[in-house]
Amino acid sequence: MNTIPASSDAKPPQGAGKTPPLVVTIDGPSGVGKSTVARLIASRLGYTYLDSGALYRAVAWKALATGADPAEPGAMQRLCGETALNVSSGAGAEMGVAVDGRALAAELRTPAVSRAASQVAALPDVRAWLLPVQQNFGRLPGVRGVVAEGRDMGTRVFPGAPVKFFLEAEPQERARRRHEELAASGRAADPAETRREMEARDGRDRTREAAPLTAAPDAVLIDSSRLTVEEVVERMMRVIERTAAAQR
Ligand code: DC
């Protein structure tokens with residue numbers, strides 16, 4: 001298991017290779033199936049999966065745990081400065097996140113953390129603090145490449161990535177999937193409320209000034225509304241293989 005401590009210093013982690021990792025980016029709003037396909041693509045390629053949303057969720061979790069206001073720029077800047085964030089990547093596609101030595105998983109997936117994550121994600125200082133953590137992910141020995149999933153992977157974090165995707169789906173379908181996800185994790189909520197929450201979050205993510213959710217000009221757009229997970233993965237794999245062949 002490799003661990004990358006977060007810091008504002010943009011140097012690669014100790015023992016890192018010199019060459020930046022090969023990166024496939026997958027951006028899009030919530031409920032389009034990004035995480036599922038990103039995990040599958042990572043495992044097909046033998047790459048490491050970067051769940052960038054989990055980093056914003058980790059900051060949000062600490063804000064809630066300490067009673068700090070996730071929408072307050074000064075408080076969040078201080079909080080980042082006082083936080084030891086460790087990101088680990090092992091064999092397989094899962095990424096681990098620890099805040100001040102405490103490993104977090106299910107704690108990051110509550111509706112309260114989802115809401116607060118979209119608030120901290122609008123703050124430029126938080127985004128700047130997390131930028132090197134994401135860019136250094138994958139520079140660890142043994143990591144061949146990264147499948148990076150989030151909102152600004154193709155536009156800000158890895159603008160030079162050779163393969164970029166932007167996944168979309170109709171709002172109704174995204175709300176349905178989000179509801180199923182919550183129900184599967186034992187947190188069934190009112191479907192109308194789930195949709196309202198999701199739309200509020202996405203509205204914030206798309207309209208914020210700092211790195212708003214938008215497709216990179218060179219991203220391949222895929223609408224997953226009427227596609228199965230396997231069909232989305234197949235389309236992506238065809239694009240990845242075509243790009244790899246063109247580069248040989
Ligand atoms: O993908 P997710 O639901 O775990 O993301 C949580 C929040 O973080 C969401 O409101 C969008 C934000 N986010 C972001 O602004 N940039 C990223 N690269 C990833 C997530």
Side-chain angles (χ1 to χ4, degrees), residues 1-4 12-13 15-57 86-97 105 108 130-169 177 181 213-225 227-248:
M1 178 75 71
N2 293 314
T3 303
I4 308 169
K18 283 198 178 55
T19 28
L22 295 167
V23 180
V24 173
T25 65
I26 306 179
D27 289 304
S30 49
V32 287
K34 290 191 307 291
S35 325
T36 310
V37 298
R39 282 192 178 89
L40 288 168
I41 299 271
S43 106
R44 286 241 198 141
L45 296 172
Y47 283 13
T48 304
Y49 166 52
L50 168 59
D51 172 8
S52 63
L55 306 178
Y56 292 92
R57 287 174 180 272
N86 280 278
V87 181
S88 55
S89 77
E94 280 318 303
M95 183 185 110
V97 179
L108 300 181
L130 291 175
L131 188 64
V133 184
Q134 298 167 83
Q135 290 175 332
N136 288 335
F137 188 85
R139 287 190 182 233
L140 289 161
V143 174
R144 293 175 47 209
V146 174
V147 178
E149 179 234 311
R151 307 294 190 286
D152 61 344
M153 298 296 100
T155 51
R156 302 288 167 110
V157 180
F158 301 108
V163 189
K164 299 176 183 176
F165 295 102
F166 193 86
L167 261 183
E168 262 296 3
R177 291 179 192 173
E181 214 175 85
L213 168 65
T214 176
D218 52 343
V220 175
L221 305 184
I222 298 180
D223 184 331
S224 72
S225 308
L227 297 176
T228 64
V229 166
E230 209 31 59
E231 285 168 336
V232 175
V233 169
E234 284 312 321
R235 282 191 191 198
M236 288 185 170
M237 287 303 295
R238 278 202 295 276
V239 174
I240 294 168
E241 280 155 13
R242 258 205 318 271
T243 311
Q247 286 180 346
R248 275 200 285 269

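In this chain, residues are counted from 1 in sequence order. Since this is a predicted model, take the numbers as computed values, not measurements.
With a 4.5 Å cut-off on side-chain heavy atoms, Leu227 and Ile222 count as touching. The closest side-chain heavy-atom distance from Ser35 to Tyr49 is below 4.5 Å. Side-chain contact check for Val97 versus Arg57: every heavy-atom pair is 4.5 Å or farther apart. With a 4.5 Å cut-off on side-chain heavy atoms, Met237 and Leu40 do not count as touching. Inter-residue side-chain proximity for Met95 and Leu50 is flagged as met; some heavy-atom pair is nearer than 4.5 Å. Side chains of Met236 and Leu167 form a contact here, defined as non-hydrogen atoms less than 4.5 Å apart. At a threshold of 4.5 Å between non-hydrogen side-chain atoms, the residues Arg151 and Arg156 do not count as touching.
Listed here is the closest heavy atom pair of Tyr56 and Gln134: OH-NE2, 4.0 Å. For Ala161 against Thr25, the heavy-atom pair with the smallest separation is CB-CG2, 3.8 Å. Smallest separation of non-hydrogen atoms from Thr243 and Pro162: CG2-O, 3.8 Å. Residue Gly150 comes nearest to Ser52 through the heavy atom pair CA-OG, 3.3 Å, listed as atom of the first residue, atom of the second, then distance.
Enclosure of atom CZ in Arg177 by more than 12 non-hydrogen atoms of other residues, nucleotides or ligands within 6.0 angstrom is indicated.
Using modelled atom types, one side-chain atom of Ser224 and one backbone atom of Val32 make a donor-acceptor pair closer than 3.5 Å. A distance-only check finds no donor-acceptor pair linking the side chain of Lys164 to the backbone of Ala215 [under 3.5 Å]. Of the possible polar contacts, none joining the Asp27 side chain to the Phe166 backbone as a donor-acceptor pair under 3.5 Å is found. Without hydrogens or angle criteria, Glu168 side chain to Gly28 main chain gives no donor-acceptor distance under 3.5 Å.
Taking OG1 of Thr48 as the start and CZ of Phe137 as the end, the distance is 6.0 Å to the nearest 0.5 Å.
Test Val239, Val146, Ile240 against Val24 for side-chain contact (heavy atoms from CB on, under 4.5 Å) and you get one pass: Ile240.
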